[in-house]
Amino acid sequence: MKKILVIGGGFAGVEASIKLREYNFDVTLISERDYMYIYPLSIWIPTGALDFKDAVMPLNKLSVVHKFNLIIDSVVKISAKDKKVECKNDTYSFDYLVIAVGAGKAKPEGIENTYSICGAPEESLKIKEKLAELVKSGKGRIAVGIGGNPKDPSAMRGGPAFEELFNIDNLLRDKGLRSNFELSIFAPMETPGKRLGDKAYALLNRFYEDLKINKYLGKKIKRFENGAVVFEDDSRLESELIIFVPAGSAHEIFAGSDLPLTEAGFIKIDDYLRVEGLENIYAIGDSASLDGPPFRGKQGHVAEMMAGIAAYNINEQETGTNNYKGYKEHVHILCVMDNGKGAVYVKRDTKKETVIALPVVGHWLKKFWGWYYKNSKLKKIPRIPGF
Ligand SMILES: Cc1cc2nc3c(=O)[nH]c(=O)nc-3n(C[C@H](O)[C@H](O)[C@H](O)COP(=O)(O)OP(=O)(O)OC[C@H]3O[C@@H](n4cnc5c(N)ncnc54)[C@H](O)[C@@H]3O)c2cc1C
């Protein structure tokens, strides 16, 4: 039986391992963490609306249920032509490789003065601590920002920044402290959120107005300092807590590996998710360069879709039927943008934009999705087709 190595235990790697097992391949998943971190749920950790343990899914439980091998180790180098993956503790060979290690983060000067909800999972707990300190002191300034990657707009991630900002606003209102706090959003692009579509973008702007959130948009970030964002024109945004969502860039292991990369640092793939110029190597999720409509963005549901198609195509290749499926036509935007007490459902594809405000029920729908995601992956409940 062909040996398939999947590297990375996030949305993409977990889904690829599950789907490849359904085709009966011998699958080994290598992950540096022994759990999958469910990023969409992590937005509630800083405000205390969710415990850290509820945003994670243990990979060993998944490996038992789906019968794939699990190795907890850090990949340091991929030798694609030699068909070897070098990890800290060992080196592994493969017949097929699925690369799903996510993306690296673009690092503006002084980034250590910011907190991120997009990097190491434990950082969400540091934000929680800092936010609790500010709430205890009764007043403060909080800035939430988004970084851009001019070489690849699909690597910019606005959703979590908007959600964190609105959740913090909601927490402060619940505590009767909102008028003692300044909340700001900053980004180098003039119109962050525009790719969600005109209707969703207009709604975002209405939220800033209604919630009295200061906007520092279209201002390039020069550097971060302790307690301040410094913009290109040397103006400053002083804040006790700066939460920053950097743009995605090349994962650090790509530099020493023999993989074809775009200028922005993502792995070049074709429509069938095969890495350009290499045999039996696929790249999916945030690691891969994403093609598709101009408003495309790297998202969890896109990573899962890519994983399913990669598994299908590997099976087509192995069985010799070669009836491959492309991924590009399936790329679309889907998000449930939560504000702590409700949410807005946004779907955008090439045909239409759908925006539905879901006060109260939207918040619980997103929470339900988290419960459903974990329990259905662990086969405790059946999957609902298309959900
Ligand atoms: C705060 C936040 C909220 C989000 N909300 C949404 C949302 O509501 N809806 C949505 O669709 N998308 C959302 N996203 C985007 C979504 O989470 C990502 O697109 C998705 O996680 C990408 O999946 P991935 O498997 O490619 O990468 P990741 O989830 O980043 O997984 C990468 C995996 O590789 C492992 N890894 C990394 N380096 C190594 C190494 N050297 N060796 C071994 N293993 C390694 C990591 O431990 C991790 O398990 C959100 C993102 C963030 C940050």
Side-chain angles (χ1 to χ4, degrees), residues 5-17 29-46 50 55-57 59 62 70-78 85-89 92 98-105 115-121 123-124 127 144 146 154-164 167 196 243-248 250-257 266-267 283-288 290 296-307 310 331-338 343-347 362 365-366 369-370 373:
L5 211 53
V6 178
I7 55 172
F11 276 103
V14 162
E15 186 70 1
S17 303
L29 172 67
I30 301 181
S31 169
E32 61 179 356
R33 296 197 276 265
D34 62 2
Y35 59 86
M36 173 183 172
Y37 190 56
I38 307 168
Y39 280 104
L41 304 182
S42 70
I43 50 149
W44 292 310
I45 297 173
L50 190 85
V56 309
M57 185 159 52
L59 289 176
L62 276 168
L70 175 65
I71 295 169
I72 305 302
D73 204 347
S74 282
V75 177
V76 288
K77 185 178 169 185
I78 299 166
V85 168
E86 225 179 273
C87 293
K88 269 193 188 146
N89 299 323
Y92 301 90
V98 179
I99 304 171
V101 285
K105 305 281 173 280
Y115 293 82
S116 179
I117 39 170
C118 296
E123 201 143 333
S124 59
I127 306 178
V144 181
I146 304 160
S154 76
M156 163 249 184
R157 185 161 277 152
F162 307 135
E163 289 188 290
E164 203 56 68
N167 270 268
L196 296 173
I243 299 173
F244 181 59
V245 178
H251 190 291
E252 60 188 13
I253 64 165
F254 297 166
S257 303
F266 300 108
I267 303 173
I284 55 175
D286 285 5
S287 294
L290 187 68
R296 64 192 178 274
K298 291 179 186 287
Q299 287 199 287
H301 74 94
V302 172
E304 280 214 323
M305 173 271 288
M306 290 168 112
V331 174
H332 64 273
I333 296 273
L334 180 67
C335 79
V336 177
M337 197 165 38
D338 180 87
V344 179
Y345 169 89
V346 181
K347 182 168 183 217
L365 187 71
K366 188 152 180 157
W369 171 83
Y373 181 83

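Counting convention: from 1, in listed order, for ligands and their atoms alike.
Below 3.5 Å of separation, one finds no N or O of S74 facing any N or O of ligand 1. Considering both main-chain and side-chain atoms, I253 never comes within under 3.5 Å of ligand 1 through any nitrogen or oxygen pair. Annotation: H251 places an N or O atom under 3.5 Å from an N or O atom of ligand 1; distance criterion only. Checking only distances, I43 never comes within under 3.5 Å of ligand 1, N or O to N or O. For the pair A12 and ligand 1, the shortest N or O to N or O distance falls below 3.5 Å.
Under the 4.0 angstrom criterion for non-hydrogen atoms, S42 is in contact with ligand 1. Proximity of K366 to ligand 1 is established by a heavy-atom distance of less than 4.0 Å. Assignment of D73 to the shell around ligand 1 is supported, since a heavy atom sits closer than 4.0 Å. A heavy-atom separation below 4.0 Å is not found between E164 and ligand 1. Residue-ligand proximity: G159 is placed with every non-hydrogen atom at 4.0 Å or more from ligand 1. Ligand 1 lies within reach of R157, whose nearest heavy atom is under 4.0 Å from it. The shortest heavy-atom distance from I7 to ligand 1 is not under 4.0 Å.
Looking only at protein heavy atoms, the nearest one to atom 31 (O) of ligand 1 is G10 CA, 3.4 Å. Protein heavy atom nearest atom 16 (C) of ligand 1, with residue, atom name and distance: G300 N, 3.4 Å. In terms of protein heavy-atom proximity, atom 36 (N) of ligand 1 is nearest to E32 OE2, 3.4 Å. Looking only at protein heavy atoms, the nearest one to atom 6 (C) of ligand 1 is P40 CG, 3.5 Å. For atom 34 (O) of ligand 1, the nearest protein heavy atom (residue, atom name, distance) is G8 CA, 3.2 Å.
Near C118, meaning under 4.0 Å from any of its heavy atoms, are these atoms of ligand 1: 53 (C). With ligand atoms numbered from 1 in the order given, ligand 1 contributes 1 (C), 2 (C), 3 (C), 4 (C), 52 (C) to contacts under 4.0 Å with heavy atoms of P160. Every atom of ligand 1 with a heavy atom of G285 under 4.0 Å away is listed here by number and element: 26 (O). Near G9, meaning under 4.0 Å from one of its heavy atoms, ligand 1 places the atoms 33 (C), 34 (O), 35 (C), 48 (C), 49 (O).
In this structure, the separation between CD1 on I72 and CG on L59 is 5.5 Å, given to the nearest 0.5 Å. Here the OH atom belonging to Y92 is positioned 5.0 Å from the CG atom belonging to D73, to the nearest 0.5 angstrom. Going from atom CD of Q299 over to atom NE2 of H332 covers 8.0 Å, rounded to the nearest 0.5 Å. Atoms OG and CD1, from S74 and I7 in turn, are 11.0 Å apart once rounded to the nearest 0.5 Å.
Among Y35, F11, Y39, Y37, the residue whose heavy atom sits closest to atom 52 (C) of ligand 1 is Y39.
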